[in-house]
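Have a look at the structure below before the remarks.
The basis for the numbers below is simple: all heavy atoms, side chains too, and nothing from hydrogens, waters or symmetry mates. Per chain, numbering begins at 1; letters A, B, ... match sequence-line order.
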Amino acid sequence: MTVTDLSYALNTFYLLVSAALVMWMAAGFAMLEAGLVRSKNTTEILVKNILLYAIACLCYLLVGYTLMYGSPDVTDFAPQANFFFQVVFVATAMSIVSGAVAERMKLTSFLLFAVVMTSFIYPIQGSWSWGGGFLANAGFIDFAGSGIVHLAGAAAALAGVLLLGPRKGKYGHSGNIYAIPGANMPLAALGTLILWLGWFGFNGGSQLSIVGQNNSSAVAQIFVNTNTAAAAGALAAFLLVRIIWRKSDLTMILNGALAGLVAITAEPSASSAITASLIGLGAGVLVVVAIIGLDRAHIDDPVGAISVHGVCGIYGLLMVSMTHPEATLLTQLYGIAVIFVWVFSLSLLIWWLLRVTMGTRISAEHEYSGADIADCGVEAYPEFVYGKTK
Amino acid sequence: MTVTDLSYALNTFYLLVSAALVMWMAAGFAMLEAGLVRSKNTTEILVKNILLYAIACLCYLLVGYTLMYGSPDVTDFAPQANFFFQVVFVATAMSIVSGAVAERMKLTSFLLFAVVMTSFIYPIQGSWSWGGGFLANAGFIDFAGSGIVHLAGAAAALAGVLLLGPRKGKYGHSGNIYAIPGANMPLAALGTLILWLGWFGFNGGSQLSIVGQNNSSAVAQIFVNTNTAAAAGALAAFLLVRIIWRKSDLTMILNGALAGLVAITAEPSASSAITASLIGLGAGVLVVVAIIGLDRAHIDDPVGAISVHGVCGIYGLLMVSMTHPEATLLTQLYGIAVIFVWVFSLSLLIWWLLRVTMGTRISAEHEYSGADIADCGVEAYPEFVYGKTK
Amino acid sequence: MTVTDLSYALNTFYLLVSAALVMWMAAGFAMLEAGLVRSKNTTEILVKNILLYAIACLCYLLVGYTLMYGSPDVTDFAPQANFFFQVVFVATAMSIVSGAVAERMKLTSFLLFAVVMTSFIYPIQGSWSWGGGFLANAGFIDFAGSGIVHLAGAAAALAGVLLLGPRKGKYGHSGNIYAIPGANMPLAALGTLILWLGWFGFNGGSQLSIVGQNNSSAVAQIFVNTNTAAAAGALAAFLLVRIIWRKSDLTMILNGALAGLVAITAEPSASSAITASLIGLGAGVLVVVAIIGLDRAHIDDPVGAISVHGVCGIYGLLMVSMTHPEATLLTQLYGIAVIFVWVFSLSLLIWWLLRVTMGTRISAEHEYSGADIADCGVEAYPEFVYGKTK
Amino acid sequence: MQLVIAIIKPAKLSDVREALAELGCQGMTITEVRGFGRQKGHTELYRGAEYRIDFLPKLRIDLAVTDEQLENVVETIRDAAFTGNTGDGKIFVCPLTHVIRIRTGETDRSAI
Amino acid sequence: MQLVIAIIKPAKLSDVREALAELGCQGMTITEVRGFGRQKGHTELYRGAEYRIDFLPKLRIDLAVTDEQLENVVETIRDAAFTGNTGDGKIFVCPLTHVIRIRTGETDRSAI
Amino acid sequence: MQLVIAIIKPAKLSDVREALAELGCQGMTITEVRGFGRQKGHTELYRGAEYRIDFLPKLRIDLAVTDEQLENVVETIRDAAFTGNTGDGKIFVCPLTHVIRIRTGETDRSAI
Ligand SMILES: Nc1ncnc2c1ncn2[C@@H]1O[C@H](COP(=O)(O)OP(=O)(O)O)[C@@H](O)[C@H]1O
Ligand SMILES: Nc1ncnc2c1ncn2[C@@H]1O[C@H](COP(=O)(O)OP(=O)(O)O)[C@@H](O)[C@H]1O
Ligand SMILES: Nc1ncnc2c1ncn2[C@@H]1O[C@H](COP(=O)(O)OP(=O)(O)O)[C@@H](O)[C@H]1O
């Protein structure tokens with residue numbers, strides 16, 4: 001047994017634990033979304049979340065990983081640990097989409113989109129930066145994926161939402177905006193806390209090695225910054241909402257925490273905890289503004305995914321130019337544009353193809369009675385929702 | 001500080017983290033079962049899950065561990081880490097039972113069975129393979145416990161179910177099969193995702209050492225295979241159910257994921273990820289068939305535990321003969337038979353003794369009004385179920 | 001790469017994983033409390049739990065850490081890992097408070113108290129023992145914080161509860177004690193299991209180093225003892241309640257598990273697993289007695305936080321004098337008195353100041369209709385609680 | 001026309017509905033209610049405090065019938081909902097002066 | 001005075017309430033009920049076993065009116081709740097002999 | 001016989017039930033309903049969109065009584081449910097032509 005063996009083992013273990021935490025984010029998205037949709041669409045959103053994860057794992061295994069990294073030359077840890085760490089990232093990107101299109105998107109169309117997204121759209125884009133392609137060469141810096149994962153997911157979601165239109169009853173004839181409260185706030189809070197925990201793996205693992213004083217310190221700093229940005233984001237969202245409406249809107253606070261997490265993801269190691277908290281504060285404010293802005297624009301996103309992952313992803317990438325010595329605003333903007341245009345336009349095309357062939361939107365009748373009955377056969381809380389005779 | 005010290009520390013830590021993940025599976029079983037029973041029996045199943053875990057920990061500490069391993073000579077990591085890793089396995093085996101006998105088994109009889117199962121039935125059986133006994137010598141291969149843990153749990157469950165009979169209202173006079181939907185689908189999904197996460201500890205930790213390139217690579221491969229088999233199992237169950245009934249039955253998808261996990265547990269390191277996905281696909285199909293088959297045979301298993309852990313456990317053990325160079329179909333069948341016969345017949349005896357002495361089934365009246373009121377004093381969602389005057 | 005680098009990396013990783021597990025306890029408290037309050041106060045308790053965590057992280061970063069540790073000279077692991085591990089502890093202490101004052105405390109007053117508690121009250125007190133102050137010098141032993149974290153949290157909670165008074169309808173005119181069942185038992189069980197898991201980080205990480213045979217063995221022993229004490233606590237509470245009332249009160253069992261965890265926290269490494277189980281048994285009995293005793297004294301603690309963290313924290317600290325060679329009953333009592341008097345009296349002052357300035361209790365009308373509507377704008381389960389016209 | 005209001009045990013719903021279907025009743029409306037009566041509730045326990053549940057779950061059936069159907073319907077419900085134990089419930093009948101089917105605008109007898 | 005009992009589709013509540021408000025009806029009471037009628041339910045599936053949901057969610061409106069208001073109210077509800085599809089629901093009217101407002105003790109017409 | 005239908009504030013249930021028990025009423029049926037009336041609802045907020053909750057939680061008590069009991073019962077409910085604030089609720093009385101106890105088959109007065 002040598003020091004190299006030990007380092008290899010430790011790095012492998014560190015990466016596997018990180019990846020397992022990111023896998024756990026699948027549960028976070030599932031619970032968050034299950035909490036924020038109405039109960040009549042809850043079972044269906046759970047089905048989507050489980051299956052998108054399954055599809056992402058299989059498609060990335062069969063196609064995506066090679067597209068993104070070729071046959072990477074991994075020496076510091078077990079190659080399979082690297083694969084596992086990468087595969088859970090693509091699942092995260094796809095999870096972002098499911099929330100935004102919730103309560104009205106056909107299950108099968110969604111799953112087919114997941115196949116294309118995780119096999120091609122995401123990996124090709126990822127190869128340009130993390131795969132060592134032209135974005136990496138241009139100096140675009142996105143440490144753990146504010147852009148490559150979160151913005152990418154949000155761009156695909158935005159394309160889907162634009163083609164789908166809002167949920168029935170969300171916007172009135174005269175431009176009124178109606179609230180459609182989700183069914184289960186504890187689940188939404190649980191989901192957010194799961195995501196918060198998983199994010200330590202997401203950002204912490206992205207250092208890719210923990211051995212060596214630099215690496216150890218960097219990973220520790222990442223944990224602290226990740227946590228601090230989330231805390232600041234939650235607090236900022238709370239204060240803003242409290243000042244405007246004199247109410248403490250739980251879901252905005254949850255979105256604030258996630259906004260902080262997304263924003264710090266672009267560069268979680270370069271800044272001090274104080275800077276991280278400032279970045280988080282900004283994200284918490286921004287996400288509230290973005291959610292309300294999108295609502296005003298009649299872009300209906302039941303869980304706020306586009307605001308959290310898209311708007312705050314961009315914000316985080318731009319902040320990198322201030323915290324990272326080698327990043328410039330220009331290269332960051334360039335990277336943002338490339339990722340957004342690629343993912344958005346390709347997604348739009350795929351969603352559109354799905355719409356003209358098999359349809360992407362459930363029927364009005366099913367939207368009214370709920371996707372659970374239409375697609376799944378059982379409601380989320382069968383005893384509480386409808387009576388039945390046995 | 002020497003390299004040996006470091007290796008010792010790393011292996012200890014790796015084993016402790018793995019064990020903590022397996023402990024977390026207790027929450028997975030609790031949530032899965034709480035989601036799949038009716039709300040009137042939810043508090044009681046939670047009580048059972050917490051207490052069976054507590055009993056397993058204490059009985060295995062006092063009796064089981066020594067029965068299974070004697071005083072094992074552990075050198076690569078702290079002996080207590082080994083104990084902790086082993087103790088959570090027996091809790092897993094016992095958790096399998098609670099789901100199958102849910103909604104009709106008396107709490108106290110169940111707990112007494114748990115004492116016998118975790119003190120004697122499981123450890124003695126475990127000593128034959130993992131304890132270096134005759135099954136190990138015969139060449140029976142069960143890497144992480146498809147048989148020793150999962151089949152054992154399922155065999156005990158089957159014995160209990162056969163003696164207990166089905167829940168009232170599950171099967172009609174003319175052989176009709178009635179659906180009895182569980183109360184809370186998000187909890188069932190959460191439970192499954194918890195189990196999925198915990199399984200990385202279950203299988204990943206079973207390598208027992210992560211130091212050394214072989215070990216590091218094996219553990220990484222195990223993580224990937226575990227994840228892939230689960231994904232494939234979920235997808236296969238979805239596709240099959242979708243084709244047959246044109247509905248996306250969430251609980252079948254969840255069972256499909258678990259089926260993949262159970263099947264790959266028998267040998268998660270020897271095969272490639274592609275092979276793992278094929279094993280998972282098979283398990284996902286098999287579990288749906290098994291659930292429907294058992295239902296046709298009027299064996300009432302509210303959560304599908306016997307199909308998931310028993311049928312897919314056997315399937316996984318048989319697959320080993322194809323993926324592992326040293327395994328043969330015969331020795332695998334031999335091991336399966338030994339485990340099943342031992343656990344099933346002893347369990348039958350214990351359940352029968354319990355039945356003739358204190359009774360195993362709650363009264364028809366309590367079954368109607370719910371075990372929560374009868375045994376626990378409070379329902380799972382007191383505000384939503386019954387009104388009361390304060 | 002040297003052995004020292006590796007040790008540094010491993011310890012850092014071990015501490016970060018431990019801290020992440022403790023962070024996860026925030027979710028545990030949130031779910032436990034969300035399950036044990038009535039649904040009309042559920043959203044508000046979730047808001048409190050998320051925000052107290054956020055506030056704790058930021059205040060401890062800005063003020064508390066320096067107050068408690070100065071600029072600690074950390075050599076065995078990355079300093080930021082140490083900070084992260086410490087910051088989640090203060091959040092835990094604060095989480096204890098939220099449950100005890102639930103269903104009647106004003107959100108903003110609570111948050112302001114959180115600022116003071118996590119910036120000053122907790123860190124100053126912590127500096128006396130873990131910061132190397134006079135309690136440490138006096139020989140007071142509190143390995144992982146039965147007193148410094150749990151008793152401190154409970155003392156602050158007790159002060160708050162005494163000033164707040166009980167929830168309306170909890171105690172009748174003639175001294176009657178009325179049950180106010182929580183809304184969601186599965187959430188309470190989930191929360192407890194999350195805490196159970198997180199406690200492995202809480203106690204296991206408190207060894208602060210896993211490298212070296214002594215350390216490795218100590219950490220492994222801590223894991224086993226932590227688990228065993230929790231199991232024994234749950235079982236003891238179950239048996240006691242069962243004997244008295246012939247019912248299996250789930251929430252008492254959950255409190256029993258937590259009681260075992262709190263009690264073993266004072267010294268989880270010095271004793272054998274058998275001793276740990278005896279300590280846990282005692283805690284499980286004690287917590288039931290304490291809960292009923294406090295109720296008789298008309299001290300209304302909806303989740304049992306004062307009994308679990310306060311009474312069993314003291315009990316655990318006293319037990320140390322029997323399991324730890326260097327601890328004496330006297331120094332333990334001295335430490336208990338110092339912590340309690342400091343935290344209780346200062347908290348009383350702060351709560352009182354808040355009461356005379358902005359008020360600490362929500363209006364009777366809001367208490368009746370629920371804090372969710374009054375403060376948050378949305379109920380926990382909007383579809384199930386009140387009807388509305390869209 | 002008459003409005004028959006029956007309070008029954010929830011477990012008896014299927015039997016009652018099937019019996020009514022045989023009579024040719026094609027519509028009814030069900031409400032989850034809680035009944036207080038001679039049937040005793042039960043005691044619950046929460047954290048050491050006991051409390052009684054006095055209101056037991058019942059189902060209320062509202063059924064508009066013609067005067068001719070009345071006797072038959074009442075008897076049918078009575079038989080189908082009968083278990084012989086306390087808590088079996090009650091049947092109330094009150095006169096209806098108008099019945100309208102919203103979809104067709106039909107009124108009275110033809111609207112039932 | 002008359003008690004108007006309307007069984008309507010849940011989605012029609014807003015329309016009905018607004019139409020009634022225009023008529024000057026300032027009070028009503030709503031109950032979540034389940035209706036069985038000509039409108040067919042749907043089939044669900046759970047772990048391979050299919051089952052029918054026959055009772056569909058409906059809302060019941062109870063509305064006390066004066067004799068003069070009756071015709072207008074019934075017509076208003078009818079129009080506002082109308083979709084033309086099966087399951088639109090029914091309106092029943094039964095006579096009330098007394099109405100009391102608890103807060104003021106007012107009775108009958110002035111209590112409505 | 002008469003059917004007394006009382007819409008009350010949920011918090012008043014215990015008082016009403018006890019007052020009725022003193023009168024000797026041994027049975028009643030409770031329904032969770034939502035009331036719309038003079039009592040104002042409140043505004044909620046969800047993700048930046050405000051909305052009103054107009055229907056407030058109420059309890060409906062259905063109570064069959066004999067003609068002699070009627071006056072007493074109505075008065076008792078009125079007193080027990082009274083708070084003096086808007087939203088206290090209403091009491092409606094409608095005539096019952098038949099009452100049947102399912103368990104015994106008793107009818108009318110003896111069935112109440
Ligand atoms: N006077 C009444 N008015 C309204 N509902 C009643 C009345 N008496 C009984 N009920 C309803 O009938 C149900 C059964 O009555 P109960 O007295 O328990 O049994 P039984 O009718 O068999 O003696 C009660 O739960 C209640 O819902
Ligand atoms: N005889 C009846 N008594 C009570 N309620 C009825 C009756 N017939 C129908 N209903 C109620 O009216 C609803 C609509 O009736 P249905 O027959 O489905 O549609 P439609 O009236 O359009 O033919 C039912 O769901 C049920 O709630
Ligand atoms: N005309 C009516 N028909 C049926 N229910 C009514 C009617 N008017 C009022 N109610 C019920 O009575 C409750 C109290 O009425 P409200 O007008 O708010 O207060 P108050 O009676 O004190 O003026 C309402 O919430 C509603 O449930």
Side-chain angles (χ1 to χ4, degrees), chain A residues 3-4 6-7 10 13-14 17 21 38-39 169 178-186 188-190 192-194 196-197 200-201 204 210-213 215-221 223-224 227-228 230-235 238 242 245 247-251 253-254 257 273-274 277 381 384-385, chain C residues 1-3 5-6 8-13 15-17 19-21 23-24 26-27 30-31 34-35 42-44 46-47 49-51 53-58 61-62 77-84 87-88 107-108 111 184 187 190 372 375-384 388 390:
Chain A
V3 170
T4 317
L6 274 169
S7 165
L10 178 53
F13 186 50
Y14 146 78
V17 170
L21 284 173
R38 285 163 290 177
S39 62
Y178 294 108
I180 303 184
N184 198 318
M185 294 304 121
L190 175 65
T192 302
L193 288 165
I194 292 175
W196 195 323
L197 173 63
F200 295 121
I210 196 167
V211 177
Q213 292 243 4
N215 284 329
S216 303
S217 298
V219 174
Q221 186 70 51
F223 270 66
V224 169
N227 190 56
T228 307
L235 203 63
F238 162 69
R242 186 89 191 175
W245 290 286
K247 298 259 179 189
S248 315
D249 186 329
L250 173 67
T251 67
I253 297 170
L254 300 178
I274 302 287
S277 72
Y381 314 96
F384 300 115
V385 181
Chain C
M1 214 164 26
T2 67
V3 169
D5 278 353
L6 274 170
Y8 190 87
L10 179 53
N11 275 333
T12 300
F13 186 50
L15 218 55
L16 290 173
V17 170
L21 284 173
M23 176 268 152
W24 184 225
M31 292 303 112
T42 303
T43 303
E44 205 248 8
L46 293 168
V47 168
N49 270 279
I50 305 267
L51 290 181
Y53 181 83
I55 286 174
C57 289
L58 296 173
L61 171 69
L62 296 175
F77 40 78
Q80 290 293 341
N82 191 50
F83 170 75
F84 186 45
V87 82
V88 288
L107 176 62
T108 38
L111 297 180
N184 198 319
L187 282 191
L190 176 64
D372 288 1
D375 240 340
C376 301
V378 77
E379 302 95 316
Y381 315 94
E383 299 177 38
F384 299 114
K388 64 180 152 290
K390 245 249 314 299

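Contact count versus chain A (heavy atoms, under 4.5 Å) is highest, among C/Val378, C/Val88, C/Thr12, C/Leu16, for C/Leu16. With chain A as the partner, the residue from C/Cys376, C/Ala54, C/Ala26, C/Ala56 showing the most heavy-atom pairs under 4.5 Å is C/Cys376. Interface check for chain A: of the options C/Leu187, C/Asn11, C/Val47, the most heavy-atom pairs under 4.5 Å are formed by C/Val47. When A/Ser248, A/Ser277, A/Ala231 are compared by the number of non-hydrogen pairs under 4.5 Å with chain C, A/Ser248 comes out ahead. For chain A, the option among C/Ala34, C/Ala30, C/Ala20 with the highest count of heavy-atom pairs below 4.5 Å is C/Ala20.
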C/Cys57 and A/Thr228: CA distance, side-chain angles, deciding distance, side-chain contact (heavy atoms from CB on, under 4.5 Å) verdict: CA-CA 7 Å; C/Cys57 289; A/Thr228 307; 5.8 Å; no
side-chain contact (heavy atoms from CB on, under 4.5 Å) between C/Thr2 and A/Val3, intermediate numbers included: CA-CA 7 Å; C/Thr2 67; A/Val3 170; over 6 Å; no
Test side-chain contact (heavy atoms from CB on, under 4.5 Å) applied to C/Leu62 and A/Ile274, step by step: CA-CA 8 Å; C/Leu62 296 175; A/Ile274 302 287; 3.5 Å; yes
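By the 4.5 Å heavy-atom criterion applied to side chains, A/Met185 and C/Tyr381 are not counted as neighbours. Contact annotation: the side chain of C/Phe13 approaches that of A/Leu10 to within less than 4.5 Å [non-hydrogen atoms, C-beta and beyond].
Under 3.5 Å, the side chains of C/Tyr53 and A/Asn227 contain a donor-acceptor pair of N or O atoms.
Considering all non-hydrogen atoms of both residues, A/Pro181 and C/Pro382 come closest at CB-CG, 3.8 Å.
In this structure, CG in A/Asn184 is found 9.5 Å from CD in C/Glu383, a value given to the nearest 0.5 Å. Note: C/Tyr8 OH to A/Asn215 CG = 11.5 Å, rounded to the nearest 0.5 Å. In this structure, C/Gln80 CD and A/Ser217 OG are separated by 8.5 Å, a value rounded to the nearest 0.5 Å. Atom CG in C/Leu111 sits 8.0 Å away from atom CG in A/Leu235 (nearest 0.5 Å).
Checked options C/Asp372, C/Leu46, C/Thr42; the residue passing with A/Leu250 is C/Leu46 (criterion: side-chain contact (heavy atoms from CB on, under 4.5 Å)).
Only the side chain of C/Leu58 comes within contact range of chain A, with at least one heavy atom under 4.5 Å from a heavy atom of that chain. Looking at A/Leu21, there are no atoms closer than 4.5 Å to chain C (heavy atoms on both sides), in backbone or side chain. Interface residue A/Leu190: backbone and side-chain heavy atoms are both found under 4.5 Å from chain C.
Qualifying salt bridge (charged side-chain N to carboxylate O under 4.0 Å, His left out) partners for C/Asp375, counting only residues two or more places apart in sequence or in other chains: A/Arg242. C/Phe84 pairs by the ring pair (Phe, Tyr, Trp, His ring centres under 6.0 Å) definition with A/Phe200, A/Phe223, not counting sequence neighbours.
Between the A/Gln213 side chain and the C/Asp5 main chain, no donor and acceptor come within less than 3.5 Å of each other.
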